[in-house]
A.B. asks: 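Structure incoming, see below.
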Amino acid sequence: MTFTEKTRIGIIYKNEAARDIILRRIPALHTAAPHIASLFKSLSLEQYYRIRQEELSQLDWIAETLSELADIPYDLPNEEPEPEIIPSPDYESAGVPSASAFVKAPAQAELWGVYEIELRGPDHGNPFTNVSLAAEFRSGDKVVRTGGFYDGDGVYRIRFMPDIQGDWKFRTSSNARSLDGIEGAFRSVETSPGNHGPLRVKDTFHFAYADGTSYIPVGTTCYAWTHQGDELEEQTLEALKASPFNKMRMCVFPKSYLFNENEPIYNPFEGSLAEGLDYTRFNPAFFQHLENRIADLGKLGIEADLILFHPYDRWGYSEMTPAEDDRYLRYITARLSAYRNVWWSLANEYDLMWTKDEDDWERFAKIVTENDPVGHLISNHNCLSFFDYSKPWVTHCSIQRIDVYKTSEATNEWREKWKKPIVIDECAYEGDIDQGWGNISGEEMTRRFWEGAVRGGYVGHGETYLNAEEILWWSKGGKLTGTSPQRIAFLRKITEESPGGVLNPLPSDWDLPCAGIKDEYYLYYFGFNQPRFRNFNRKPGIRYQVEVIDTWSMSIEKLPGTFEGSFRIQLPGKQFMAVRLMKVV
């Protein structure tokens, strides 16, 4: 087998015999920042040449590279998979009584709350890999099984989210005798204010909480906010509290990227970058901190859209072995699936993770869904090419733009293609950095939100304004300084006031998108067009109240009288205007 123009650079780099050649042909692999090197590795030779041909100045660069690689034997990696660590039934001696561990289990938990069983058990060997733990919960005919996890210092935990009120019983199972066969009971009581349960897809394209309350995702991105220390993290929470955002897109692992080069406060595994990380031993402090921040978001009514993998990495988390990946996924789902405000995003820019292929993403999805008894929302996020959102386990489409200018305008097409909610998590960011994805204006960010909304989708926000401290919201959090959040809040209010609290696209003129309910409610959005008037043609006999909405100044002008049939509405000749027609009963 030979290398071709379709071979990923990372595959060539991994081949020891070919590494010197590819480093000579692409010196930046050795000298570039980790996030750039990761990007290069994800590209094929053909893709790399396409984006760097001016710099390379060689028409035959690909042919010359392949010529040098021609004599190097290339076989697909045939590495022996790391054997799965099977917990032994002899982890504790036969003299240890079954179900003898100290247990702390509350007598009640609220519906859709976190019920936690704490167990004090053995800590010899490596409890992260040597001990298996789970529990079966029963209420009437309902049976739910959930995994437990080791939390360090001899402490084990099992977390469960009751989804019906009433009496529950549980029984543990473990290879450790002291943790096996422990029984208990508790009662699930009514919810506290603000607890509407976990989210579900509703009516194909939208979302609602488990109690039926409509949910309009108004998301923002702070990739590495939980790795910045308490002072900055608390500032981020204060900014969120005053914002319209009810979803936070965030990474589990720390991130190495532009304006985000500091070391994290905690490592997810024991050890250090200098001395090496032990991927068989999780660092409980890291995950305790993460879940505390998820709980903080929950108190604010904000969903935590957790990114499980990403390519922007200098620690090695993006290149863990399959066994290490799988162990991590089982651990994090055991820890976090009982939190009602969690979403799973398998990756940020999955297609830049050169060590993962389609089978890996399928395996990851299977592990997460099988170990998440709550059934949280789950998706995968793209960079250069869309993920296959038609897969049955995908609940919604988590999309990054693949066109430099058009993003939200394709929402109708994506709805029809995938028949799932469209969440454009990355439409570019309001800011002023040198990257094209991070320097759109507040007006353009707001326009993209409106375009997506009237086409039946949901657009996400991010902010990348430069400052002396290099604390950019999109990476580290801190303060919101842009002009779009308050306009996004205005759009959220408009959407909530719509019939059913959602917007669905309606057939409309070629130049004017529209959402609403036929003959009942129409919301038109003019975007960057600036007409002085517009003629509307509606069914005779139905009278409408008409409002002219300035989406930038956030004003609503209610026109006097009512309108029906064919009528003309005068407009101010400004951009970012909308018109709302509401049937008069």
A.B. asks: Working to the nearest 0.5 angstrom, can you tell me the gap between Thr65 OG1 and Ile12 CD1?
C.D. replies: 8.0 Å

A.B. asks: Find out whether Tyr13 and Ile26 are in side-chain contact, i.e. whether some heavy atom of one side chain is under 4.5 Å from a heavy atom of the other.
C.D. replies: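 Not in contact.
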
A.B. asks: Distance from Leu69 atom CG to Asn15 atom CG, nearest 0.5 Å?
C.D. replies: 8.5 Å

A.B. asks: For Met445 and Ala428, work out which heavy atoms get closest and say how close.
C.D. replies: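 Distance-wise, the nearest heavy atoms are CE-O, 3.2 Å.
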
A.B. asks: Is Lys417 paired with Glu413 through a side-chain N to carboxylate O contact shorter than 4.0 Å?
C.D. replies: no

A.B. asks: Please work out whether the ring planes of Trp344 and His376 are parallel, tilted or perpendicular, with thresholds of 30° and 60°.
C.D. replies: perpendicular

A.B. asks: Would you say NZ of Lys406 has more than 12 non-hydrogen atoms from neighbouring residues, nucleotides or ligands within 6.0 angstrom?
C.D. replies: no

A.B. asks: Quick one: side chain to side chain donor-acceptor pair (under 3.5 Å) partners of Gln53, sequence neighbours excluded?
C.D. replies: none

A.B. asks: Say whether Glu430 and Thr483, considering side chains only, have a donor N or O and an acceptor N or O under 3.5 Å apart.
C.D. replies: yes

A.B. asks: I want to know whether Tyr317 and His310 have ring centres closer than 6.0 Å.
C.D. replies: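 No - the distance between ring centres of Tyr317 and His310 does not fall below the 6.0 Å cut-off.
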
A.B. asks: Salt bridge or not for Arg447 and Glu409, using N-O below 4.0 Å?
C.D. replies: yes

A.B. asks: Testing the basics here: between Leu45 and Thr4, what is the closest heavy-atom pair and its distance to 0.1 Å?
C.D. replies: CD1-O, 3.7 Å

A.B. asks: Nearest 0.5 Å, what's the CG-CD1 distance between Leu240 and Ile302?
C.D. replies: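 Separation between the atoms: 4.5 Å.
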
A.B. asks: Would you say the ring centroid of Tyr312 lies under 6.0 angstrom from that of Tyr223?
C.D. replies: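 So the answer is no for these two rings.
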
A.B. asks: What's the shortest heavy-atom distance between Gly148 and Ile158, and which atoms?
C.D. replies: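 In this case the closest contact between Gly148 and Ile158 is CA-CG1, 3.8 Å.
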
A.B. asks: Closer than 4.0 angstrom, basic N to acidic O: yes or no for Arg314 and Glu261?
C.D. replies: no

A.B. asks: Give me the ring orientation class for His396 and Trp343: parallel if the planes are under 30° apart, tilted from 30 to 60°, perpendicular past 60°.
C.D. replies: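 Rings of His396 and Trp343: perpendicular, over 60°.
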
A.B. asks: Centroid-to-centroid, Tyr458 to Tyr215, below 6.0 Å?
C.D. replies: no

A.B. asks: Report yes if the distance between the aromatic ring centroids of Phe286 and His227 is under 6.0 Å, otherwise no.
C.D. replies: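 Centroid separation for Phe286 and His227: below 6.0 Å.
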
A.B. asks: More than 12 heavy atoms of other residues, nucleotides or ligands under 6.0 Å from NZ of Lys420: yes or no?
C.D. replies: yes

A.B. asks: Could you go through the side chain to side chain donor-acceptor pair (under 3.5 Å) check for Thr411 and Arg455 one step at a time?
C.D. replies: CA-CA 6 Å; Thr411 300; Arg455 298 174 191 276; 5.9 Å; no

A.B. asks: I'd like to know whether the aromatic ring centres of Trp418 and Phe387 sit less than 6.0 Å apart in this structure.
C.D. replies: no

A.B. asks: On the ring face of Phe205, is Arg415 found with NZ or CZ under 6.0 Å from the centre and within 45° of the axis?
C.D. replies: yes

A.B. asks: Under a 4.0 Å N-O cut-off, is there an ion pair linking Glu444 with Arg448?
C.D. replies: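 Answer for the salt bridge query: yes.
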
A.B. asks: Run the side chain to side chain donor-acceptor pair (under 3.5 Å) check on Arg293 and Thr226 step by step: do they pass?
C.D. replies: CA-CA 7 Å; Arg293 289 311 187 201; Thr226 61; over 6 Å; no

A.B. asks: On a heavy-atom basis, which atom in Tyr465 and which in Gly442 lie closest, and how many Å separate them?
C.D. replies: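 Closest approach of Tyr465 to Gly442: OH-N, 4.5 Å.
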
A.B. asks: Looking at Leu133 and Ser174, what are the two nearest heavy atoms and their distance?
C.D. replies: CD1-CB, 4.0 Å

A.B. asks: One thing to verify: whether Lys476 and Glu469 come together as a salt bridge, which I'm taking to mean a side-chain N less than 4.0 angstrom from a carboxylate O.
C.D. replies: no

A.B. asks: Can you check side chain to side chain contact (heavy atoms under 4.5 Å, CB included) on Trp437 and Thr464, steps first, answer last?
C.D. replies: CA-CA 9 Å; Trp437 47 260; Thr464 48; 4.2 Å; yes

A.B. asks: Quick one: closest heavy-atom pair of Leu346 and Leu308, and the distance?
C.D. replies: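 Heavy-atom minimum between the residues: O-CB, 3.7 Å.
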
A.B. asks: Pair Ser132, Asn175 - check side chain to side chain donor-acceptor pair (under 3.5 Å), show working.
C.D. replies: CA-CA 6 Å; Ser132 65; Asn175 69 307; 3.3 Å; yes

A.B. asks: Are Phe364 and Tyr350, when compared by the centres of their aromatic rings, separated by less than 6.0 Å?
C.D. replies: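 Aromatic pair excluded; centres sit 6.0 Å or further apart.
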
A.B. asks: Using ring centroids (six-membered ring only for Trp), state whether Trp414 and Tyr389 fall under 6.0 Å.
C.D. replies: no

A.B. asks: Flag the pair Phe282 / Phe269 as yes when their ring centroid distance falls below 6.0 Å, and as no otherwise.
C.D. replies: yes

